[in-house]
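As structure tokens, the structure follows; a few thoughts come after it.
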Amino acid sequence: MKLLKQIAAVLLFCFPAIAQTPAPERVVKGNVLISEHDPKVKIVLPNSVQYAGADRWILYGVADCELHAFVEADAQKRVKKLYWVQFEGYIPSKPELKHEYDSPRHADIGGMDFYVDTWTRANGAATQPGSDREHIEALIRSHGYSMPAGMMYVRLVHLLDEQKRKELMIIYGEDLAPTGFSAADLQPKGKAFDKWPSIEPGLVERAKKSVAISEMVAP
């Protein structure tokens, strides 16, 4: 017992982040994610999704971040669609921080207001160390999945209250291959950027239809 206590003390000293970061709290049952708080909701995704696990850590040392990854993939485990669900809130020791979004576009999903943004991204594009992007890509790889050459994304962000310190973020992504364009082609300086306005609305609509959210009333 004394030896175990000594080992535990060493681990706490050497790996404080492991000791201080709780395990993910939300529950996943097949294609359904249940959150009992912040916010208290049930999120239902298509029956075709596969769960690729969860992660929780202190993002950049300022926010408690819990993410869950779901994918639709082919027989070779190549991702065709990504459903990235993230719960995030600034930690109490950073009372001055709040989330800021300036997108003029909004969507109503399950009676909740979400900011809407879209973009394309090439596989292997620069990723900021310690970012949520780095975490979710590592999670997906750890489950044997591989990302396509390029994807197009919709980010949906719901701020829980006027304090703007907690958010629910859902990112929906699709493989770009069916469009015939690369991520670079459809970016502002790309050769096919003029095609993006005709592609993007359908992407947003598919994202909205793929995610069903219902607020759960406390008993």
Side-chain angles (χ1 to χ4, degrees), residues 17-59 62-73 77 79-92 98-99 101 106-117 131-145 151 153-174 203-219:
I18 295 175
Q20 295 173 9
T21 304
E25 297 181 9
R26 280 76 184 184
V27 176
V28 173
K29 298 178 180 179
N31 62 319
V32 178
L33 185 151
I34 298 173
S35 172
E36 293 293 344
H37 66 91
D38 300 325
K40 188 176 177 65
V41 294
K42 179 172 72 172
I43 300 173
V44 181
L45 301 174
N47 291 326
S48 52
V49 302
Q50 296 293 317
Y51 186 50
D55 195 4
R56 186 177 182 185
W57 75 104
I58 302 302
L59 180 63
V62 300
D64 184 350
C65 183
E66 178 178 333
L67 68 80
H68 294 261
F70 300 81
V71 301
E72 291 183 36
K77 302 192 78 170
V79 174
K80 299 302 179 182
K81 293 183 180 180
L82 169 66
Y83 303 82
W84 167 354
V85 182
Q86 184 164 311
F87 303 86
E88 186 179 321
Y90 287 113
I91 58 178
K98 64 179 181 179
H99 295 290
Y101 293 93
H106 292 254
D108 181 288
I109 304 177
M112 300 170 66
D113 180 71
F114 287 82
Y115 287 93
V116 178
D117 290 290
S131 65
D132 46 5
R133 164 66 65 174
E134 181 181 69
H135 277 254
I136 197 164
E137 289 190 353
L139 189 61
I140 290 169
R141 289 194 302 270
S142 73
H143 283 72
Y145 295 100
M151 294 193 80
Y153 294 96
V154 179
R155 181 179 66 179
L156 304 164
V157 177
H158 171 71
L159 298 179
L160 272 59
D161 52 39
E162 292 300 319
Q163 293 182 333
K164 301 181 179 181
R165 288 179 52 79
K166 297 179 180 180
E167 69 175 28
L168 164 62
M169 180 180 76
I170 300 172
I171 295 179
Y172 170 82
E174 289 184 0
L203 174 68
V204 174
E205 286 305 309
R206 290 190 296 277
K208 291 163 59 178
K209 290 179 180 179
S210 296
V211 180
I213 303 175
S214 56
E215 296 187 79
M216 298 189 298
V217 180

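The structure places OG of Ser210 at 10.5 Å from CD of Glu205, a figure rounded to the nearest 0.5 Å. How far CD1 of Ile91 is from CD1 of Ile58: 6.0 Å, rounded to the nearest 0.5 Å. In this structure, the separation between NZ on Lys40 and CD1 on Ile34 is 9.5 Å, given to the nearest 0.5 Å. Distance CH2/Trp57 to CG/Asp64: 9.5 Å, rounded to 0.5 Å. Considering CG of Asp38 and CD of Glu66, their distance stands at 10.5 Å, rounded to 0.5 Å. Annotation: the span from Glu72 atom CD to Lys81 atom NZ amounts to 5.0 Å, rounded to 0.5 Å.
Contact of the Lys77 side chain with the Gln50 side chain is not registered, since no non-hydrogen atoms from C-beta on lie closer than 4.5 Å. The closest side-chain heavy-atom distance from Leu33 to Val27 is not below 4.5 Å. Side-chain contact between Ile213 and Ile170: present, with at least one pair of heavy atoms (C-beta onward) separated by less than 4.5 Å. At least one side-chain heavy atom of Pro39 sits less than 4.5 Å from a side-chain heavy atom of Met112. In this structure, the side chains of Tyr83 and Ile43 stay at 4.5 Å or more apart for every pair of heavy atoms. The shortest distance between side-chain heavy atoms of Lys208 and Val116 does not fall below 4.5 Å.
Looking only at distances, no side-chain donor or acceptor of Asp117 sits under 3.5 Å from a matching main-chain atom of Arg155. Between the side chain of Arg165 and the backbone N or O of Tyr90 there is at least one donor-acceptor pair closer than 3.5 Å.
Residues Ala69 and Ile140 share a closest heavy-atom pair of CB-CG1, 4.5 Å. Closest of all the heavy-atom pairs between His99 and Glu88 is CE1-OE2, 3.3 Å. Nearest approach of Gly53 to Leu139, heavy atoms of both residues: O-CD2, 3.4 Å. Here the shortest heavy-atom pairing between Gly110 and Glu215 reads O-OE2, 4.4 Å. For Val154 against Leu203, the heavy-atom pair with the smallest separation is CG2-CG, 3.4 Å. Contact record, Leu160 with Leu168: CD1-N, 3.9 Å, taken as the closest heavy-atom pair.
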Quiz item: Under the ring-ring contact (aromatic ring centres under 6.0 Å, His included) criterion, do Tyr153 and Tyr172 qualify, and how do the steps go?
Solution: CA-CA 6 Å; Tyr153 294 96; Tyr172 170 82; 9.0 Å; no

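The local environment of NZ in Lys42 is sparse, with at most 12 non-hydrogen atoms from other residues, nucleotides or ligands closer than 6.0 Å. Annotation for Glu25: atom CD counts as buried by contact number, over 12 foreign heavy atoms lying within 6.0 Å.
Taking the six-membered ring where tryptophan is involved, the planes of Phe114 and His158 are tilted, since the angle between them lies from 30° to 60°. Using a 30° and 60° split on the angle between ring planes, His106 and Tyr115 fall in the tilted class, from 30° to 60°.
Under the 3.5 Å distance criterion, with hydrogens and angles disregarded, no donor-acceptor pair is assigned to the side chains of Tyr51 and His143.
Between Asp161 and Lys166 there is no salt bridge, since none of the side-chain N atoms of the basic residue sits less than 4.0 Å from a carboxylate O of the acidic one.
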